[in-house]
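Each remark here refers to the structure printed beneath this line.
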There are 2 protein chains.
Amino acid sequence: MDIRTRLISTAERLFDRYGFTATGMDRLTQAAGISSRTLYKHVGSKNGLMAAVLGERDRRFHRLMTVDSVDALFASLETWIDQEGARGCLFLRAWGETGGDVPEIAEAMARHKQRLQERIDEIVVAEIGRRDDELAEALLLLFEGATHAAAYSGSAAIAGARRAARRLITDARA
Amino acid sequence: MDIRTRLISTAERLFDRYGFTATGMDRLTQAAGISSRTLYKHVGSKNGLMAAVLGERDRRFHRLMTVDSVDALFASLETWIDQEGARGCLFLRAWGETGGDVPEIAEAMARHKQRLQERIDEIVVAEIGRRDDELAEALLLLFEGATHAAAYSGSAAIAGARRAARRLITDARA
DNA sequence: GCATGGGTAAAATGATCGTTTTACATTGAG
DNA sequence: CTCAATGTAAAACGATCATTTTACCCATGC
């Protein structure tokens, strides 16, 4: 496996499991099996590594969320959480741990959320044949809620969000 | 003001603004205007301080959320966020930053979320005159979603959640 | 009038932080 | 053959981490 890929996926796992600030560079280099010199050649700094991790995660996340129905959307979320675990949105966590003060990280968060919003807009059009900003907003909130409630309620949160979403879609169709 | 109260409210502000791990004890003692010796006499350790902060926040939060309608619930959430800012749920953030490995913190998070669930159960009964677990779950998800989406969408997220909640209540009454 | 409890300031603890540096090994291309 | 790139290991950097210790101040109550 490519060294940069290994570094970033290792970092993603450790950041998610232990938190960003609590995960030191020594632990990172040791887990990835690379020297600290190589790490800094590749990502420049810890903030650079965090931003790179978020960038990769965003691509992987949106590849999985490219669907055209709410049922499929929440099914994908369930798959995601089965694979990744549920510790809350990693973008919000990175943003919060850095106090919103690191531009690269704040931008990665904003970009990720904007893309999510756009994806849901598209799903709404596919579902009811027209734009409906109010419905899209509600679905985003249910998605966000499920992501975080899954941390303490498990996958029941996702099933609940899916049911509520379907109900709102049905209402909007009428 | 009582020294312990000042310590805990200062810590809450700094933890929320800069993150738990990123906030050092020096910064804390300096901001609270107390010596480190006194801090440790009062809360024992940094984890103890974090748990104490969450305990106080839980009391304050639930005092504000003691209402009997969804409209009032989301109005209270808006008040809360106006006062406290929107950086995501501080309980989930503390839990995430510590990897879920600190019992006192994991328990504070679980307790807080369980109480929120119970409060929403009560509101559902007040609204439609009977228990409805599915509706209550949906409202919790909207609440959780609004809490986190407010970090990047501001108070529009709360207004949106309130509208969706009202719609679900109307449906459930029929 | 003096002990005691609760506070202060400041230094010391040893560990760990993110980052840079020094010195060396391997390897593929011109 | 050799140069340049890319990697390693390991030490050093100064800063900061959470926590403890030492030494002192000052009030309140017996």
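Each chain gets a letter, A, B and so on, in the order its sequence line appears, and its residues count up from 1.
- To the nearest 0.5 angstrom, B:Thr10 atom OG1 is 10.0 Å from B:Leu49 atom CG.
- Taking atom CD on A:Glu97 and atom P on C:dG18, their separation rounds to 12 Å, with Å as the unit.
- Separation of atoms CD (B:Glu144) and CD (A:Glu144) is listed at 9.5 Å; rounding is to 0.5 Å.
- Contacts of residues 46-57 of chain A with DNA chain D (heavy atom under 4.0 Å): none.
- Under a 4.0 Å N-O distance rule, the pair B:Asp71/B:Arg166 qualifies as a salt bridge.
- The side chain of A:Arg37 lies closest to D:dG7 when the candidates are D:dG7, C:dA9, C:dT19.
- Closest to the side chain of A:Ser36, from the set D:dA11, C:dG7, D:dT19, is D:dA11.
- One interatomic measurement links the two molecules: CD1 of A:Ile34 to P of D:dA9, which rounds to 10 Å at whole-angstrom precision.
- Atom-to-atom, CG of A:Leu39 to P of D:dA10 comes out at 17 Å; the value is rounded to the nearest Å.
- The residue A:Gly33 sits close only to the backbone: its heavy atoms come under 4.0 Å of sugar-phosphate atoms, none of a base.
- Regarding contacts with the backbone of D:dT6, every side-chain N or O of A:His42 stays at 4.0 angstrom or more from both OP1 and OP2.
- Under the ring pair (Phe, Tyr, Trp, His ring centres under 6.0 Å) criterion, B:Phe61 pairs with B:Trp80, B:His112, not counting sequence neighbours.
- Side-chain atoms of A:Tyr40 lie closest to C:dG18 of the nucleotides C:dA9, C:dG18, D:dT19.
- Where DNA chain C pairs in unbroken runs of 3 or more (Watson-Crick or G-U, both distances under 3.5 Å), the stems are C:1-12 with D:19-30, C:14-17 with D:14-17, C:19-30 with D:1-12.
- Rounded to whole Å, the distance from NZ on A:Lys41 to C1' on C:dT19 is 13 Å.
- The hydrophobic clustering, which links ILVMFWY residues whose side-chain heavy atoms are closer than 4.5 Å, places A:Phe74 and A:Leu64 together.
- Interface residues of residues 3-28 of chain A facing DNA chain D, ordered by number: A:Ile3; criterion, heavy-atom separation under 4.0 Å.
- The phosphate of C:dT8 has OP1 or OP2 within less than 4.0 Å of a side-chain N or O from B:Thr38.
- Between the side chain of B:Lys46 and the main chain of B:Phe20, a donor-acceptor pair closer than 3.5 Å is present.
- B:Ser35 and B:Thr38 share a donor-acceptor pair across their side chains, judged by distance under 3.5 Å alone.
- Using a distance-only test at 3.5 Å, with no hydrogens or angles considered, no donor-acceptor pair links the side chain of A:Arg87 to the main chain of B:Gly96.
- Counting non-hydrogen atoms of neighbouring residues, nucleotides and ligands closer than 6.0 angstrom, the CZ atom of A:Arg60 exceeds 12 such neighbours.
- Counting only residues at least two apart or on different chains, no ring-ring contact (aromatic ring centres under 6.0 Å, His included) pair has a member in residues 155-174 of chain A.
- Listed by chain and number, the residues in a salt bridge (Lys or Arg N to Asp or Glu O under 4.0 Å) with B:Arg163 are A:Glu134, A:Glu137 (sequence neighbours excluded).
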